[in-house]
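The block underneath contains the structure these notes are about, expressed in structure tokens.
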Amino acid sequence: MGNLGSLRQQATSGVIWSAFERFGQQGCAFIVQLVLARLLAPEQFGLIAMVVVFIVISRVVVNAGFSQAIVQQKTVSAVDLSTVFYTNMVIALLMALLLCGVAPMIAIFYEQPLLVPILRWLSLSLIFGALGGVHQALIQRAMDFKKLCYVGLPTTFLAGSVSIYLAWNGAGVWALVVYQILGAVLSSAFLFVVSGWRPQLLFCFGSLARIFPFGWRLAVSGVLDQVFQNIYVLVIGKCYLPIEVGYYQRAKGFQQLPMTNMQAILGRIAFPLFSTLQDEPERMRRGLSKAVQLGALIAFPLMAVMYVVAEPMIVLLIGDKWLPSAEYLKLLCIVGALYPLHALNLSALMGLGRSDLFLRLEIIKKVMVLVNILLTYRIGITAMIYGMIITSFLALFLNTYFSGRFIGYTFGQQIRDVLPIALLALVIWAVAGFVLSLFPIFDLIGLVSSLMAAIFVFTFGLRAVALGVHGELRTVLSRVPCGSWLGRLIFSR
């Protein structure tokens with residue numbers, strides 16, 4: 001029982017610090033993006049979006065699943081860690097050279113010559129980023145997310161400040177390029193400082209052979225995931241103008257600020273925790289059940305509110321030149337609400353060490369995405385996002401299949417767990433929308449009033465739903481400023 005209490009305490013502490021690090025860093029990044037969005041044109045963001053997809057995919061190849069393997073393995077030696085470090089660096093150098101070589105072809109594909117120097121400079125971020133890969137994996141393995149706070153926040157602040165200064169002085173798209181490169185440099189530098197680990201002159205092909213079977217499947221899954229997460233940018237960039245890419249990417253950025261970061265927080269905690277419980281399916285089932293409810297309790301209401309306030313939020317924050325993003329954002333909110341459920345079920349599968357099934361799932365889901373694109377790309381961007389919603393629901397059914405098979409937590413049980421929360425989100429959507437309709441369009445007071453109404457409904461609605469996670473919510477709230485008072489307000493009878 002003491003072990004269970006220790007795991008729960010470690011997980012709760014990890015959630016708090018991971019949330020603080022992710023939302024602190026991404027909140028700072030969001031502010032940077034807001035300022036840059038006012039200084040730069042949508043077309044310039046569109047150009048960066050066209051090539052960042054290749055950088056993101058290359059980062060997955062560089063990591064090769066080794067970071068997840070370090071977290072998942074029950075024991076890792078100094079030889080294992082140094083071997084992974086040097087392997088990552090070699091792959092990073094090769095990928096950077098490859099990107100430099102194919103840059104002209106990518107520019108021809110998009111019919112944008114400026115992409116050649118942009119992509120070649122951005123390839124440097126792969127090499128700098130690889131320097132800190134093992135350090136970050138070790139911190140995640142220990143669930144010591146406090147240290148990541150010392151990395152993420154100063155990195156984002158410093159890189160963002162330089163980027164804003166450059167944009168203010170007319171650097172244009174190059175301000176965004178510097179932001180990416182400088183962020184990779186600073187992140188790895190700070191990781192070296194806070195982690196305490198240093199690579200040694202050690203290398204063993206035996207270590208690589210032992211880690212590789214788990215890692216390569218996750219690497220292939222990760223490449224597939226990133227390709228298909230960004231395939232819409234590729235298609236929009238090829239079939240439409242850069243300004244449309246900018247609109248779509250900005251809408252995706254608003255949606256991803258809360259949801260992708262919450263998915264990352266839950267995944268970073270759930271994966272090592274489920275790895276610890278991989279031989280205890282009943283405890284894993286209970287943990288996954290509570291995690292799914294917690295994820296839905298945050299995601300569903302949050303996406304409902306963002307759907308309602310999309311237009312005034314975009315206009316008031318970054319200007320009416322970005323208003324076409326609002327329609328895309330609304331639809332992406334429906335997709336975003338399911339993110340935590342996908343992430344948690346996949347974390348459970350990885351925690352069981354079944355990267356083979358993880359890869360199989362990714363292949364099936366990517367085929368579904370391809371079918372969606374082939375059916376909708378000629379109709380328009382909105383049609384593609386509607387198809388994205390449908391494939392997201394189908395993917396959730398697939399992701400939960402193995403949770404039911406291996407740990408006894410089926411798709412139907414998960415739907416029953418989150419149904420009351422979904423109903424609460426619908427009430428929040430209706431009330432917030434009604435309040436917003438009482439005010440002039442793009443009115444700041446109306447936006448604030450709508451948000452306050454949503455918070456009111458959410459606070460008192462919690463008394464009727466998610467009873468299975470009240471204890472965890474109160475524990476988390478008690479450890480944050482004013483949280484104990486808020487917990488008493490929500491859960492008092």
Side-chain angles (χ1 to χ4, degrees), residues 19 22-23 25-34 36-37 42 45-46 48-49 52-53 56 225-226 228-237 244-267 295-319 322-344 369 372 376 380-393 395-396 421-422 425-426 428-429 432-433 436 447 450-451 454 458:
R22 289 293 301 188
F23 283 108
Q25 177 188 356
Q26 294 301 315
C28 182
F30 183 63
I31 293 172
V32 170
Q33 291 293 321
L34 291 182
L36 290 173
F45 278 90
I48 285 293
V52 163
V53 54
V56 172
D225 184 55
Q226 288 301 327
F228 282 87
Q229 273 194 35
N230 292 279
I231 196 169
Y232 293 98
V233 173
L234 290 172
V235 173
I236 295 169
E244 293 294 338
V245 182
Y247 290 145
Y248 173 80
Q249 198 69 0
R250 182 52 46 218
K252 191 176 179 182
F254 273 104
Q255 178 241 44
Q256 285 185 324
L257 174 67
M259 298 323 305
T260 302
N261 287 293
M262 191 179 81
Q263 177 182 342
I265 292 166
L266 293 174
L297 193 58
I298 300 171
F300 291 2
L302 193 57
M303 288 294 96
V305 172
M306 187 171 286
Y307 184 102
V308 171
V309 304
E311 288 97 342
M313 178 181 68
I314 285 176
V315 171
L316 291 169
L317 288 178
I318 57 178
W322 291 96
L323 184 57
S325 299
E327 191 61 33
Y328 301 155
L329 175 57
K330 286 183 175 182
L331 298 177
L332 289 171
C333 284
I334 302 174
V335 179
L338 301 180
Y339 276 4
L341 277 65
H342 289 297
L344 289 165
V369 171
N372 171 48
T376 60
I381 299 172
T382 301
M384 283 194 284
I385 302 178
Y386 274 116
M388 197 186 303
I389 294 171
I390 295 172
T391 56
S392 184
F393 277 99
L396 179 62
I421 304 169
L426 284 175
I428 291 172
W429 170 79
L436 187 64
L447 175 62
S450 180
L451 293 174
F458 176 75

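Atom set for the values below is all heavy atoms of this structure, side chains included, hydrogens, waters and symmetry mates excluded. In what follows, residues are counted from 1 in the order of the sequence shown.
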### Message
Under the salt bridge (Lys or Arg N to Asp or Glu O under 4.0 Å) definition, can you give me all pairs with a residue in residues 295-308, not counting sequence neighbours?
### Response
none
#### Entry: Nearest heavy atoms of G46 and V245, plus distance in Å
O-CG1, 3.7 Å
### Message
Would you compute the distance between atom CG of L396 and atom OG1 of T391 and round it to the nearest 0.5 angstrom?
### Response
11.5 Å
### Task
List the steps and the verdict of side-chain contact (heavy atoms from CB on, under 4.5 Å) for Y232 and V369.
CA-CA 10 Å; Y232 293 98; V369 171; 3.7 Å; yes
Using distance only, find each side-chain donor-acceptor pair of residues 297-313 under 3.5 Å and give its atom names and separation, not counting sequence neighbours.
unit_1: E311; atom_1: OE1; unit_2: K330; atom_2: NZ; d: 3.4
unit_1: E311; atom_1: OE2; unit_2: K330; atom_2: NZ; d: 2.9

### Query
Under the 3.5 angstrom rule, does the side chain of Q249 hit a backbone N or O of A49 as a donor-acceptor pair?
no
### Task
With side-chain contact (heavy atoms from CB on, under 4.5 Å) as the test, would you mind laying out the steps for Y339 and Q255 before giving the verdict?
CA-CA 11 Å; Y339 276 4; Q255 178 241 44; 3.7 Å; yes
### Query
Closest approach of A296 and I421, non-hydrogen atoms and distance?
O-CG2, 3.4 Å
### Message
What verdict does the side-chain contact (heavy atoms from CB on, under 4.5 Å) test give for L329 and R250, after you've listed the backbone C-alpha separation in whole Å, the side-chain angles of each residue and the deciding distance to 0.1 Å?
### Response
CA-CA 8 Å; L329 175 57; R250 182 52 46 218; over 6 Å; no
### Task
Name all residues meeting the ring-ring contact (aromatic ring centres under 6.0 Å, His included) criterion together with Y328; count only those two or more places apart in sequence or in a different chain, and write none if there are none.
none
### Query
For the rings on F254 and F30, is their centre-to-centre separation under 6.0 Å?
yes
### Query
Any side-chain heavy atom of I390 sitting closer than 4.5 Å to one from N372?
no
### Query
For L436 and L447, which heavy atoms make the closest approach, and how far apart are they?
CD1-N, 3.9 Å
### Task
Report yes if the side chains of M384 and I236 come closer than 4.5 Å at any heavy-atom pair, otherwise no.
yes
### Query
What are the two closest non-hydrogen atoms of G336 and P340, and how far apart are they?
O-CD, 3.8 Å
### Summary
Smallest heavy-atom separation, I428 atom then A454 atom, equals CG2-CB, 3.7 Å
### Query
So, do I334 and M388 sit near enough that their side-chain heavy atoms are less than 4.5 Å apart?
no
### Query
How about W322: does its CH2 atom have over 12 heavy atoms from other parts shown lying under 6.0 Å from it?
yes
